[in-house]
Amino acid sequence: MNKKLTLSLDEDIIEKAKIYASQTGKSLSSLVEDFFENLTEKSSSTQISAKIKRISGKIEVPTDFDWEEELRKGLEEKHLR
């Protein structure tokens, strides 16, 4: 059930949020709802975004995949370019 909420925010923040919402194809209401959902989520110390939750289980990773090695390689590549 949706319920109205009135917020008082700085005008500049509102304009920036409207632009961001437009660019991402979302409404301001959905941005605020997503923010509060993430803020209040109590699933674990590592919060997982709704987008990641939707795609979880759809990516197959080899059992011998070395996350730390791949992270190291990615960071080296990023900083040595």
Side-chain angles (χ1 to χ4, degrees):
M1 176 180 93
N2 287 339
K3 189 171 182 177
K4 284 191 173 228
L5 171 68
T6 302
L7 299 171
S8 297
L9 303 171
D10 183 273
E11 248 181 271
D12 292 337
I13 299 294
I14 294 170
E15 289 308 310
K16 288 177 185 177
K18 284 181 179 180
I19 291 168
Y20 178 81
S22 174
Q23 290 172 341
T24 58
K26 289 189 162 199
S27 67
L28 283 177
S29 292
S30 69
L31 290 178
V32 171
E33 184 174 2
D34 289 350
F35 173 76
F36 284 133
E37 184 177 1
N38 287 330
L39 182 68
T40 59
E41 191 175 77
K42 298 182 192 306
S43 64
S44 70
S45 60
T46 304
Q47 291 191 3
I48 301 171
S49 74
K51 191 174 195 176
I52 297 299
K53 286 179 186 175
R54 283 194 302 274
I55 65 168
S56 68
K58 296 181 181 181
I59 300 171
E60 293 185 27
V61 179
T63 55
D64 62 343
F65 186 80
D66 187 346
W67 295 97
E68 291 177 348
E69 176 65 15
E70 293 302 317
L71 176 61
R72 184 190 60 73
K73 282 193 247 178
L75 290 172
E76 284 178 356
E77 183 179 318
K78 176 181 176 183
H79 294 287
L80 295 176
R81 281 193 221 182

Hphob cluster co-occupancy, [X] + [Y], side-chain heavy atoms under 4.5 angstrom:
X	Y	result
Ile13	Phe35	no
Leu9	Phe36	yes
Leu5	Ile14	yes

Practice task
Determine whether more than 12 heavy atoms belonging to other residues, nucleotides or ligands lie under 6.0 Å from atom CD of Glu69.
Solution key: yes
Handout entry: Residues, nucleotides or ligands: over 12 heavy atoms within 6.0 Å of Glu11 CD
Key = no
Problem - Residues forming a side-chain contact (heavy atoms from CB on, under 4.5 Å) with Ser27, sequence neighbours excluded - result: Ser29, Ser30
Fill in the blank from the handout: For Leu31 and Ala21 the tightest heavy-atom approach is CD1-CB, 3.6 Å
Practice task
Locate the shortest heavy-atom distance separating Leu7 from Val32; write the atom from each residue and the value.
Solution key: CD1-CG1, 4.2 Å
Practice task
Quickly, which of Arg72, Lys78, Lys73 forms a salt bridge (charged side-chain N to carboxylate O under 4.0 Å, His left out) with Glu76? Name it, please.
Solution key: Arg72
Practice task
Kindly compute the distance separating CG (Asp10) from CD (Glu15), expressed to the nearest 0.5 Å.
Solution key: 10.5 Å
